[in-house]
*Asks:* 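One structure follows; several queries about it will come next.
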Amino acid sequence: MRTKQFKAESKKLLDMMINSIYTHKEIFLRELISNASDAVDKLYFRSLTDDTVGLNRGDFCIRLSADAENRILTVSDNGIGMTAEELENNLGTIAKSGSLDFKKNNEKSEEIDVIGQFGVGFYSAFMVADKVTVISRAYGAETANRWESCGAEGYTIAAAEKESVGTEIILHIKEDTEEEKYSEFLDAYRLSSLVKKYSDYIRYPVKMLFNTRKKVEGTEDEYEDAVEDRTLNSMIPLWKKNKSEITEEEYNNFYKEKFYDYEAPLKVIHSKTEGQATYSSLLYIPAHAPFDYYSKDFEKGLALYSKGVLITDKCADLLPDYFSFVKGLVDSEDLSLNISRETLQHDYQLRLIAKTIEKKIKSELVKMLRNDRENYEKFFDAFGTQLKFGVYSEYGRNKDAVADLLLFKSSNEDKYVTVEEYISRMPESQKAIYYAAGETVDKINMLPQADAVKAKGYELLYFTDYVDEFAIQMLGEQDGKAFVNICAEEADFGSEEEKESVKAKNEENKDLLDFMCESLGDEVTAVRFTEKLGEHPVCLVSEGGLSSEMERVLKSMPGAAGVKASLALEINANHPIAQKLIDLFASDRDTLDSYAKLLNAQARLIGGMSIENPAELSALICGLML
Ligand code: ADP
């Protein structure tokens, strides 16, 4: 018989398993039982609409048997089975390469993480077995096939005998070594406790024959050997159990296994709802965003069960986009099993469920924000951008649902604050909510305008997320307070007197300012003096709704080439440079022209903007040096 080679990726994973130093090798059993349960699910689901399957709900089961003498452990199921082709495709290649994608290099220390973090599936059998045989007969097939492998050399597939539909996984358990007692996986009691630990909620019975002793009937104290068929798992899905019976560890393990996360969730929301819609839901808020979360590959959704039977793994309609980070499942009493993916969308019950789920998530997040700030901030670091998208998208249709969940970094102790907290701290003289947008908090702090706000004793919100400004524009006024960009012309904290004196100075020097504006072409729409700059010589101020930061964001998107913020160059009237400019206007307009360009370039750099013509700037600076 020809030995076939494993595909390269599979071989890597297989090698990892064979040479594993992982200490929880016992999880192989969980993996094999999960696979068996999935296979049974498939056939059971079919049996609901197809009488020829010939099995009732109660007939489906998974069976373990251990033969210590020959070191054989068998996991069998009467599920859907595999054809020769499926054996080849499913077991010769790794189906879910998430584990390898995640793990880019092959170092030992990382191996442990990968095994613990992800389900590694069928190949985990090679952590405890030196030979694995799979005999499988697919539903609808008359014949069976045998897949066999001792690991690295490859595998063989040949025709075989099997009486009924299903799959048998036969493990030849490795010999014990100094460090590893593989024999434990041949011990009925040990196996039974592993099933309880990892596979208790599997919905089909996991059975095993136990050798026991039984009292001989009619005698007082005579015993005889007997065999008892025991079901090892309780079969109650985790979400159907009472909250009080479930430990945090059970919730977390279920999450990690089912949703392939290595980190425990930040929050578990388990609830049963009765009334218009009757359902149980088990929802999780992850502690970090999946690597593809902010990409178009990410698919939101909750698993949907009807009376314990899986209808779809990802029902997108159950979650609004702004809560797309939530993982979990819904099990409803009201949905028909025959419901298809297409009709789901229009299902009244489903829409009702979606609505209550959304409310539940919202109220739990609000609770977390109030009572568990540290975790909420961790949550917000991971998913805050998505919430802000929620405010902004669909023309702000959902903004009210999300607004009070938003946090912003603030100059007040450099911490996160809610808008509500910000407003509650505002001094009486403060009329608006002040913010500045930039790449980082440090860069924002370097803005000349930032000094002016802080000098007034006002708190400043730092917008470092590209969607921030767009979101708050959609949000509009909060509690009667508008959001004002400190780099916008409205942000003027000067007294009436100061304003008057600046106005006079601007009028007096109108020709100078017009000249400079002309020099700068379409870079600016105005040049003027200001009193608000403290020690700084210049700054740029945006006029109209579009800030320079928004311009930067929009320009990075396709189809937005023509977008331009309208900017005014403001010159510190109290800085010596002001007098210099006035003098130059009288004596040397060529130099004034260069100085206008230099000052504008400085203001752009300070404001975190790029320079349109760096070569020209360089030439101007050299001109000063020579
Ligand atoms: P995963 O279960 O994550 O897809 P596995 O390596 O565990 O990855 O299994 C690969 C595939 O082999 C499964 O997706 C399934 O199609 C098939 N398979 C494994 N075990 C069984 C089984 N007991 N019965 C039927 N098919 C199985």
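Here the structure is a predicted model, which means the values were calculated and not measured. Start at 1 and go down the list; that is how both ligands and their atoms are numbered.
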*Asks:* Taking C-beta and beyond as the side chain, do Pro286 and Lys327 meet within less than 4.5 Å on heavy atoms?
*Replies:*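 In contact.
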
*Asks:* Would a 4.5 Å heavy-atom cut-off, applied to side chains only, mark Asp229 and Arg63 as touching?
*Replies:*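 Side chain of Asp229 against side chain of Arg63, heavy atoms only: contact under 4.5 Å found.
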
*Asks:* Could you tell me whether the side chain of Phe379 reaches within less than 4.5 Å of the side chain of Phe325, counting heavy atoms only?
*Replies:* yes

*Asks:* Does any N or O atom in Met82 lie less than 3.5 angstrom from one in ligand 1, N or O only?
*Replies:* no

*Asks:* Under 3.5 Å between some N or O of ligand 1 and some N or O of Tyr123?
*Replies:*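 No, since none of the N or O atoms of Tyr123 sits under 3.5 Å from an N or O of ligand 1.
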
*Asks:* Strictly under 4.0 Å, does any heavy atom of Glu31 approach an atom of ligand 1?
*Replies:*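 Per 4.0 Å heavy-atom rule, Glu31 does not contact ligand 1.
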
*Asks:* When the aromatic ring centroids of Trp239 and Tyr251 are compared, is their separation below 6.0 Å?
*Replies:* no

*Asks:* Side chain to side chain contact (heavy atoms under 4.5 Å, CB included) for Arg190 and Glu26? Distances and angles first, verdict last.
*Replies:* CA-CA 10 Å; Arg190 176 77 177 125; Glu26 61 197 35; 2.8 Å; yes

*Asks:* Any idea which of Ile80, Val134, Asn90 brings a heavy atom closest to atom 15 (C) of ligand 1?
*Replies:*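 Going through Ile80, Val134, Asn90 one by one, Asn90 has the nearest heavy atom to atom 15 (C) of ligand 1.
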
*Asks:* Compute the shortest N/O to N/O distance between Asp77 and ligand 1 and return yes if it is under 3.5 Å, no if not.
*Replies:*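 Indeed, backbone or side chain, Asp77 has an N or O that close.
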
